[in-house]
Amino acid sequence: QVQLVQSGGGTVQPGGSLRLSCAASGSITNRALMGWFRQAPGSQREGVAAINNLGSAKVADSVKGRFTISQDKDKNMVYLQMNSLKPEDTAMYYCASGPFTYTLSAALREGAYNYWGQGTQVTVSS
């Protein structure tokens with residue numbers, strides 16, 4: 001079992017920044033891969049960023065250069081730093097965890113994850 005508790009999010013103007021946090025606990029095996037997903041109303045859930053316990057990271061093309069995923073292993077925390085936010089970034093954001101994967105080719109797909117956080121709303125609006 002893995003527990004994921006998210007914090008952060010909120011409303012920000014276009015061009016602004018937010019940081020999402022995810023506190024993970026439980027099975028180490030099932031949190032060797034950590035990811036962030038988002039889902040806008042009427043849309044499918046989309047993989048945003050992923051990082052494994054070796055520190056290899058991947059971000060989606062749609063957020064590349066603006067979003068950064070990082071982790072603090074000592075604190076069992078994963079972060080999503082979001083800069084230069086756009087209205088199209090508005091969505092519910094979810095933290096997720098899964099077993100280790102050396103290659104991150106599939107790390108932005110839901111099937112790589114077993115556990116999900118509760119979700120946190122990010123709204124980008126003027």
Side-chain angles (χ1 to χ4, degrees):
Q1 280 286 76
V2 172
Q3 294 77 44
L4 302 173
V5 179
Q6 299 178 221
S7 59
T11 300
V12 65
Q13 292 186 340
S17 298
L18 284 173
R19 188 177 81 159
L20 304 182
S21 300
C22 177
S25 60
S27 167
I28 293 176
T29 299
N30 283 309
R31 31 185 188 98
L33 176 68
M34 300 294 297
W36 288 98
F37 287 74
R38 66 185 182 186
Q39 188 169 22
S43 299
Q44 290 188 330
R45 195 173 294 188
E46 171 193 21
V48 175
I51 188 167
N52 66 17
N53 60 2
L54 296 182
S56 297
K58 180 176 183 175
V59 295
D61 289 343
S62 58
V63 302
K64 195 166 292 182
R66 300 188 298 120
F67 289 14
T68 303
I69 187 171
S70 62
Q71 62 185 350
D72 184 331
K73 292 182 182 180
D74 291 336
K75 296 182 179 179
N76 294 321
M77 296 291 295
V78 178
Y79 305 99
L80 184 68
Q81 178 66 43
M82 305 183 292
N83 298 328
S84 302
L85 282 160
K86 304 176 181 179
E88 51 263 44
D89 295 318
T90 295
M92 186 71 78
Y93 283 71
Y94 297 90
C95 174
S97 74
F100 177 79
T101 174
Y102 185 78
T103 61
L104 297 181
S105 58
L108 297 184
R109 299 178 186 173
E110 293 185 62
Y113 301 88
N114 299 329
Y115 297 92
W116 296 85
Q118 80 274 21
T120 187
Q121 179 68 37
V122 171
T123 302
V124 185
S125 174
S126 55

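We number each residue from 1, following the sequence as shown.
- Judged purely by distance below 3.5 Å, without hydrogens or angles, the side chains of Glu88 and Ser62 never pair a donor atom with an acceptor atom.
- Atoms CE and CG, on Met34 and Leu4 in that order, are 5.0 Å from each other to the nearest 0.5 Å.
- Met77 and Leu18 are assigned to two separate hydrophobic clusters, defined by single-linkage of ILVMFWY side chains at heavy-atom distances under 4.5 Å.
- Across all their heavy atoms, Pro99 and Ala32 have their closest contact at C-CB, 4.1 Å.
- Nearest heavy atom pair, residue Ile51 against residue Ile69, reads CG2-CD1, 3.6 Å.
- Scanning all heavy atoms of the two residues, the minimum distance from Thr101 to Thr103 falls at OG1-O, 2.7 Å.
- Other residues sharing a hydrophobic cluster with Leu108 under the 4.5 Å side-chain heavy-atom criterion for ILVMFWY residues do not exist; the residue is a singleton.
- For the pair Met82/Val63, no side-chain contact is recorded, criterion being any heavy-atom separation below 4.5 Å from C-beta on.
- Between Ser27 and Val2, the shortest heavy-atom contact is O-CG2, 3.6 Å.
- Clustering of Ile, Leu, Val, Met, Phe, Trp and Tyr by side-chain heavy atoms under 4.5 Å joins Val5 with none of the others.
- Applying the disulfide (SG to SG under 2.5 Å) definition to pairs two or more places apart or across chains, none involves residues 97-126.
- Within the structure, ring-ring contact (aromatic ring centres under 6.0 Å, His included) contacts touching residues 2-25 (residues at least two apart or in different chains) do not occur.
- At least one donor-acceptor pair closer than 3.5 Å links the side chain of Gln6 to the backbone N or O of Tyr93.
- Residue pairs meeting the ring-ring contact (aromatic ring centres under 6.0 Å, His included) criterion with at least one member in residues 45-81: none, sequence neighbours excluded.
- For Glu110, the salt bridge (charged side-chain N to carboxylate O under 4.0 Å, His left out) criterion is met by no residue, not counting sequence neighbours.
- The side-chain hydrogen bond (donor to acceptor under 3.5 Å, both in side chains) contacts involving residues 8-17 comprise Ser17-Asn83, where partners must be two or more places apart or lie in separate chains.
- Between Gln71 and Asn52, the shortest heavy-atom contact is NE2-O, 3.0 Å.
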Using residues 119-126 as the side-chain source, report each donor-acceptor pair under 3.5 Å to any protein atom, sequence neighbours left out, with the distance given to one decimal.
unit_1: Thr120; atom_1: OG1; unit_2: Gly8; atom_2: O; d: 2.9
unit_1: Gln121; atom_1: NE2; unit_2: Ala91; atom_2: O; d: 3.4
unit_1: Gln121; atom_1: NE2; unit_2: Thr123; atom_2: OG1; d: 3.4

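- Shown here for Ala106 and Ala112, the closest heavy-atom pair between the two residues is O-CB, 3.8 Å.
- Met92 belongs to a hydrophobic cluster with Leu33, Phe37, Tyr94, Leu104, Tyr113, Trp116, counting contacts under 4.5 Å between side-chain heavy atoms of Ile, Leu, Val, Met, Phe, Trp and Tyr, direct or through other members.
- A donor-acceptor distance shorter than 3.5 angstrom exists from the side chain of Ser97 to the backbone of Asn30, with no hydrogens or angles considered.
- Using a 3.5 Å distance cut-off with no hydrogens or angles, the side chains of Gln81 and Thr68 do not pair a donor with an acceptor.
- Within the structure, every pair that satisfies the disulfide (SG to SG under 2.5 Å) test and touches residues 55-97, not counting sequence neighbours, is listed here: Cys22-Cys95.
- Sorted by first then second residue, the salt bridge (charged side-chain N to carboxylate O under 4.0 Å, His left out) pairs that include residues 57-70, not counting sequence neighbours, are Asp61-Lys64, Arg66-Asp89.
- Every pair tested for salt bridge (charged side-chain N to carboxylate O under 4.0 Å, His left out) that includes a residue from residues 71-85 fails, sequence neighbours excluded, so the list is empty.
- For the atom pair Gln44 CD and Gln39 CD, the distance stands at 8.5 Å (nearest 0.5 Å).
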